[in-house]
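By convention in this document, chain letters (A, B, ...) are assigned in the order of the sequence lines, proteins followed by strands, and residues within each chain are numbered from 1. Values below: every heavy atom of this structure, side chains too, minus hydrogens, waters and symmetry copies.
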Protein chains: 4
Amino acid sequence: MAEVGARKKLRQRRGADHARDVILDAAASVFAQKGYYGTTMEDVAVASGYSPAAIYKYFKNKDDLFSRLWNTMADRLQEIFDESTRLPMPFAMRLRWMVTRASQLLETSPNLLVAFIAQRPYAARARSNLEKQALRHYRSHQARIIELMESGIAEGVLREGGAADYALLLIGLLYEFAHRWVSEDGQIDVRQSVDRIIELFLRGAGHGS
Amino acid sequence: MAEVGARKKLRQRRGADHARDVILDAAASVFAQKGYYGTTMEDVAVASGYSPAAIYKYFKNKDDLFSRLWNTMADRLQEIFDESTRLPMPFAMRLRWMVTRASQLLETSPNLLVAFIAQRPYAARARSNLEKQALRHYRSHQARIIELMESGIAEGVLREGGAADYALLLIGLLYEFAHRWVSEDGQIDVRQSVDRIIELFLRGAGHGS
Amino acid sequence: MAEVGARKKLRQRRGADHARDVILDAAASVFAQKGYYGTTMEDVAVASGYSPAAIYKYFKNKDDLFSRLWNTMADRLQEIFDESTRLPMPFAMRLRWMVTRASQLLETSPNLLVAFIAQRPYAARARSNLEKQALRHYRSHQARIIELMESGIAEGVLREGGAADYALLLIGLLYEFAHRWVSEDGQIDVRQSVDRIIELFLRGAGHGS
Amino acid sequence: MAEVGARKKLRQRRGADHARDVILDAAASVFAQKGYYGTTMEDVAVASGYSPAAIYKYFKNKDDLFSRLWNTMADRLQEIFDESTRLPMPFAMRLRWMVTRASQLLETSPNLLVAFIAQRPYAARARSNLEKQALRHYRSHQARIIELMESGIAEGVLREGGAADYALLLIGLLYEFAHRWVSEDGQIDVRQSVDRIIELFLRGAGHGS
DNA sequence: AATGAATGAGTGTTCATTCAT
DNA sequence: AATGAATGAACACTCATTCAT
């Protein structure tokens, strides 16, 4: 947004923490739009109002910058998934709680979440360290969700067999919903969608009878 | 004379077509492994056995090469989705046919499919022409699947309301399955999974009662 | 010498070997003038008439380019030192042969030799791999020269004791001569100097009596 | 009042001088270890305990900092060489005095000396101002040493002819000894080596007979 | 007296792309 | 039909240097 030439004006002493945050925000936005490889440090610099050199004062390198963002989101999700298996509530409520919390991330940190999601296809055939780290996180998420499903089966809310498949179903629904939410520019009502997602998850599309 | 010339031209044509195919195959494999940005024309050249310069005889540039691949997959999928609404069969069979055909792509062209999937997150906030084109394709796929869902509703197999949501559910399942298939290196049995996907789609995970 | 703008004209197809040699020559000259750190790849590019990118087609990186040059000279010297201990001649002749050959390098490859010499101080407290490799070479040279000295002692031409010191004396003379030769721009007659060096080495500056 | 002000100024002066010295010491150590180009102002800052910005309060820039160090050593050497021609003693004693004093610098300021030596190869083909200045110093040193040699000839201690060559011999010995001393990490006994250097200088390596 | 915060100007290196042969 | 040879335009990253506080 800001012109490169206008950079000088920003010589404000606002403190390192502030700079860190500003840069992270800007980076999240740019990474979400163009992906890791499509984003240049100059992009981040322009978006943040700092110079590329300044960014290196706060982050070791591009990888570091990206993976800090990525890990933030991975950790937030992990926390949600972890808690959803720990909460002392019946399965149905825990499920709803989890879906709600996860969906809210779309509203609070859409950029971060998109950057997170966009990285996933590359993780599948992990090559770089970044990708290997990502793969580990994705697997860890999956594991917790499977656990959640198992407790649902134990409680008799879910049918027997295939906890892994139920996890696949739920993750698919969540990712797909995120995709749609983004591609419709956040126009979809999240709260309402949570109900729909849960219903689809539990009853599927079939007529049931 | 003319005969010979024609024959030669034919041979050349064949040669040219052959080269084209070889390059496309090689490119699909490399793009799938390293993604668009991670792949260099040198990579494609080495994988295809041609020189980088030769590739430019057959494709305008890297974008062109990639988007031809991408479109190939997009078209194949489109065809499947189109046909699944046209086939003179009951919904249930058309659904199974569609899921089967789509899943088979994993076995016949996994590389192409991965490359196709990896592109999706960026399409959501389309910037470049490549991405805009992609977005159009994804939307077109979605439209057809919604149509399919509507016929399912009309036939009374699917519950009333929310064809778009059912599409979201099915697409989510398909993508997620593809993800898992790739990250487990194709070890999953596709045919068996088709049943599971359809069941999950129709009945969800819930106990039903 | 050549302007950057003039680069385009050089688009000649002269073969890879030719390019290699041209670049090596240019690099030797620039490294000799400005040292490893003071030399940029752009410097080498301009001096060679190629673009920086072209240089990377022939050499992996700056280190590679430099160490190839450096090793060439190190190996030539090693060869001279090695042979000076092997030749079936009396010590005096072998010594003369060695000093002659070494001195000639000044005339045939002054740039290379200067680049080689300039690197030595850094090798002393070797940090980088380049420097460690250099240190090994310098030590290996020294070892051979000490051997040569020992044979001189054995033949009774050199006084007893202190082969290592004699090596120090000779190496000091050679390096110092090279220094002077370079700083007087090659105006000194090499052949004549050989006699002088050998005399100084054998008799020192003292009056003797 | 004026008194107090003056005292404060003095203290500040002292503080400033102290800082200057601390920085110079730190810089000498770092330059000696990594060379001019290999050393960053950040390195100097860390080694000195000050911030990079602080260094600029005491020195105009990196070049200034380095050349002050360099000149310090150049001047100390110059002083030694100067005095060695002036001292009212016979040549042999003046020579010993000079070699002793010069060698002691290795023990008192090894870092400075290494930095000084490392600069020499580039001075030969002086380009920058730094190098031209250096060249002037080296030449001036040489001139004095030649003078010393001439007095040795005049006294009949050195053979006729070739004062310049004798200077080359002595300088070569001194530099080479410094090299060895550094590369053996200061393990060599300096006092003992002085005798050896003088003997080699006067008698060479030859058997004499 | 000292520094935290910031940047301009490079530096090595990569890569898509071109073109004469 | 194919490529060897070459480069312009970027890109990640570094570093000497400045300046308000």
Please name all residues satisfying side-chain contact (heavy atoms from CB on, under 4.5 Å) with [X], sequence neighbours left out, ordered by chain then number.
X        : answer
D:Ala53  : D:Ser51
C:Val114 : C:Ala32, C:Val182
C:Tyr37  : C:Glu131, D:Tyr37
C:Ala27  : C:Phe31, C:Val44, C:Leu65, C:Leu69

Counting Watson-Crick and G-U wobble pairs with both distances under 3.5 Å, what is the dot-bracket string for DNA chain F, 5' to 3', using [ ] for crossing pairs and | for pairs to another strand?
.||||||||||||||||||||
Comparing B:Gly49 and D:Pro52 on DNA chain F - which has the more 5′ nearest nucleotide:
B:Gly49
All salt bridge (charged side-chain N to carboxylate O under 4.0 Å, His left out) counterparts of B:Lys34, not counting sequence neighbours
B:Asp43
According to salt bridge (charged side-chain N to carboxylate O under 4.0 Å, His left out), who are the partners of A:Arg68, at least two apart in sequence or on a separate chain?
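A:Arg68 satisfies salt bridge (charged side-chain N to carboxylate O under 4.0 Å, His left out) with A:Asp64 once adjacent residues are dropped.
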May I ask you to list the residues of residues 32-46 of chain D, by number, that have any heavy atom positioned under 4.0 Å from an atom of DNA chain F?
D:Thr39, D:Thr40, D:Met41
In whole Å, I'd like the distance from the CG atom of A:Leu130 to the C1' atom of F:dA12.
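Distance, rounded to whole Å: 15 Å.
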In whole angstrom, give the distance that lies between atom OH of C:Tyr50 and atom C1' of E:dG12.
21 Å
Listed in order of residue number, which residues of residues 54-70 of chain D have a non-hydrogen atom at under 4.0 Å from DNA chain E?
D:Ala54, D:Lys57, D:Tyr58
For residues 19-28 of chain C, which residue pairs pass the salt bridge (Lys or Arg N to Asp or Glu O under 4.0 Å) check, not counting sequence neighbours?
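Counting only pairs at least two positions apart or across chains, no salt bridge (Lys or Arg N to Asp or Glu O under 4.0 Å) contact touches residues 19-28 of chain C.
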Side chain to side chain, C:Asn129 and C:Gln133, heavy atoms closer than 4.5 Å:
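Result no, sub-4.5 Å side-chain heavy-atom pair not found.
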Who passes side-chain hydrogen bond (donor to acceptor under 3.5 Å, both in side chains) against D:Asn71, sequence neighbours left out?
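With neighbours one apart ignored, the set is D:His137.
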side-chain hydrogen bond (donor to acceptor under 3.5 Å, both in side chains) with B:Ser29: which residues, sequence neighbours excluded?
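Applying side-chain hydrogen bond (donor to acceptor under 3.5 Å, both in side chains) to B:Ser29 gives B:Gln33.
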